[in-house]
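Reviewing the structure listed below.
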Amino acid sequence: MLRTMLRTMDEHDYEYRGLKAATWDHFRGNTSHWGDRAAFRAIIDRHGQPALDVGCATGRLLLDYLAEGIDIDGVDLSPEMLGRCRARAAARGLTPTLYQQAMEHLDLPRKYGTILVPSSSFQLLTDAEQARAAMRRFHDHLLPGGALAMPFMTLWREGEPREKTWPAPRERVRPEDGAVVRHWERVWYDPAAQLEHTEDRYEVVRDGAVLAAETIRRSPATRWYTHDAVRALYREAGFVDVRLTREWSGEPAAPDDPIVTAVGTRP
């Protein structure tokens, strides 16, 4: 039976559900070579355990660190992504401690030496007050001297088109049944507000028949920040020794770097 769904996201909804959650790992593929893996591990080694992976999704970092003996918990807003994380963990003989919570309402039973927010997940908070609230919750969940580390991406620059559309879908074969999963994407930008808006369409096709289809429109979807705004977010929440580095290199960030990693410590 064909299942078609159109969803428009609002502030009470969460993004990673339905076909987006179900096909997430298919489209991400092998992430073992990503630079953030070693960079975040080095930050944990420097600032200490336990660690917390915020927006842990299906566990691409969490499960590897757990297998290496790191004391690390995970939190995510999406029950679907957490379910997939638990299934992947069970297949590896791991039993992670996972929580379903929004980062702006974080309320966990212990404090951490290191909090990670990978994959620019913090930028999914498009409301400025929610973003400030999340920063305060991160600060309050750290041990003295603990660190908050997260990347920030500049999503639009002067001179770039205000709208981008990918007419041809990305395609992957679903290993469990050979079905083809497809993803189309359209994004548009509001430079004045520094907000990105998105529309995603997914299909699952087998033997020429569309088994499921879903379109998700999220407006706004993501916020981006200047480097100075990132520093201000950290400092306003009480962090000190705030450092911005170029992507995962550990080198000081230049003003025009599109991806930076921010690290700040709790006094």
Side-chain angles (χ1 to χ4, degrees), residues 6-17 20 27 36 54-55 57 76-78 102-106 116-139 148-170 183-202 214-239 242-249 252-264:
L6 172 63
R7 291 195 285 109
T8 300
M9 310 297 294
D10 62 33
E11 68 272 18
H12 304 295
D13 210 338
Y14 60 92
E15 183 170 0
Y16 294 89
R17 64 192 303 171
K20 183 161 191 170
F27 286 113
D36 64 347
V54 178
D76 201 285
L77 184 58
S78 166
M103 62 183 84
E104 67 271 27
H105 301 301
L106 200 65
L116 314 173
V117 192
S119 303
S120 304
S121 296
F122 179 80
Q123 292 179 243
L124 295 173
L125 293 177
T126 58
D127 178 81
E129 183 48 46
Q130 287 184 344
R132 288 191 289 268
M135 293 297 292
R136 293 191 295 269
R137 300 310 301 146
F138 296 152
H139 179 275
L148 169 66
M150 51 187 180
F152 288 82
M153 297 179 63
T154 301
L155 301 174
W156 182 88
R157 291 184 170 192
E158 187 67 38
E160 294 180 343
R162 299 284 185 93
E163 183 172 335
K164 298 177 184 177
T165 301
W166 286 260
R170 292 188 297 158
H183 174 217
W184 292 261
E185 184 178 10
R186 181 171 72 95
V187 300
W188 61 104
Y189 304 96
D190 179 350
Q194 295 180 204
L195 292 172
E196 177 192 52
H197 308 262
T198 62
E199 185 173 271
D200 296 272
R201 182 158 63 94
Y202 294 87
E214 185 171 325
T215 298
I216 307 168
R217 182 183 176 100
R218 189 168 177 86
S219 182
T222 319
R223 176 179 292 279
W224 72 90
Y225 295 84
T226 66
H227 293 187
D228 285 344
V230 172
R231 294 185 182 96
L233 270 174
Y234 271 76
R235 290 168 179 155
E236 288 170 8
F239 289 94
V242 180
R243 306 179 306 282
L244 269 60
T245 58
R246 175 178 296 135
E247 201 165 356
W248 312 113
S249 68
D256 60 345
D257 283 336
I259 303 175
V260 299
T261 300
V263 180

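Values reported hereafter were calculated over all heavy atoms of this structure, with side chains retained and with hydrogens, waters and symmetry mates removed.
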- Item | side-chain contact (heavy atoms from CB on, under 4.5 Å) partners for E163, two or more places apart | T165, R186, W188

- Query: ring pair (Phe, Tyr, Trp, His ring centres under 6.0 Å) with F138: which residues, sequence neighbours excluded?
  - Reply: none

- Query: Which heavy atom in W166 sits nearest to a heavy atom in W184, and how many Å separate them?
  - Reply: O-CD1, 3.8 Å

- Item | Nearest heavy-atom neighbours spanning M153 and I259 | CG-CG1, 4.1 Å

- Side chain proximity check, E199 to T215, heavy atoms < 4.5 angstrom: yes

- Message: I'd like to know if E129 pairs up with R132 as an ion pair, taking the criterion as any Lys NZ or Arg NE/NH1/NH2 lying under 4.0 Å from an Asp or Glu carboxylate oxygen.
- Response: yes

- Query: With no hydrogens and no angle check, is any side-chain donor or acceptor of R246 less than 3.5 Å from a backbone partner on A253?
  - Reply: no

- Where is the tightest heavy-atom contact between G55 and S121, given as atom of each residue plus distance? O-OG, 4.4 Å

- Item | Gap separating the NZ atom of K20 from the OH atom of Y14, nearest 0.5 angstrom | 13.0 Å

Check residues 190-197 and write down every donor-acceptor pair under 3.5 Å in which the side-chain atom is one partner and the other belongs to a residue at least two apart or another chain.
| unit_1 | atom_1 | unit_2 | atom_2 | d |
| --- | --- | --- | --- | --- |
| D190 | OD1 | A192 | N | 3.3 |
| D190 | OD1 | A193 | N | 3.3 |
| Q194 | NE2 | W224 | O | 2.7 |
| E196 | OE1 | T222 | OG1 | 3.0 |
| H197 | ND1 | S219 | OG | 2.7 |

- Query: Which residues satisfy the ring pair (Phe, Tyr, Trp, His ring centres under 6.0 Å) test with W248, sequence neighbours excluded?
  - Reply: F40

- Task: Using the test side-chain contact (heavy atoms from CB on, under 4.5 Å), find all partners of P252 that sit at least two apart in sequence or belong to another chain.
- Result: none

- Query: With a 4.5 Å heavy-atom cut-off, do E15 and S78 have their side chains touching?
  - Reply: no

- Task: Specify the closest pair of heavy atoms between H183 and D200, including all atoms of both residues, with the distance to one decimal.
- Result: NE2-OD1, 2.7 Å

- Task: Please report the closest heavy-atom contact between P151 and S119, naming both atoms and the distance.
- Result: CG-N, 3.9 Å

- Interatomic spacing from CZ in R136 to CG in L106 - rounded to 0.5 Å: 13.0 Å

- Item | Atom pair CD (Q123) and CZ (R223), whose distance is rounded to the nearest 0.5 Å | 10.0 Å

- Closest non-hydrogen atom pair, R218 against P220: CG-O, 3.5 Å

- Evaluation steps, side-chain contact (heavy atoms from CB on, under 4.5 Å), between L125 and D127: CA-CA 6 Å; L125 293 177; D127 178 81; over 6 Å; no

- Contact check, side chains of R201 and E214, non-hydrogen atoms, under 4.5 Å: no

- Message: Measuring only between side-chain heavy atoms, which start at C-beta, is E247 closer than 4.5 Å to T261?
- Response: no

- Query: From M103 CE over to L77 CG, what is the distance, rounded to the nearest 0.5 angstrom?
  - Reply: 8.0 Å

Please report, to 0.1 Å, the donor-acceptor pairs under 3.5 Å made by any side chain of residues 227-239, with sequence neighbours excluded.
| unit_1 | atom_1 | unit_2 | atom_2 | d |
| --- | --- | --- | --- | --- |
| H227 | NE2 | D257 | O | 3.1 |
| D228 | OD1 | R231 | NH1 | 3.2 |
| Y234 | OH | L148 | O | 3.3 |
| Y234 | OH | A262 | O | 3.1 |

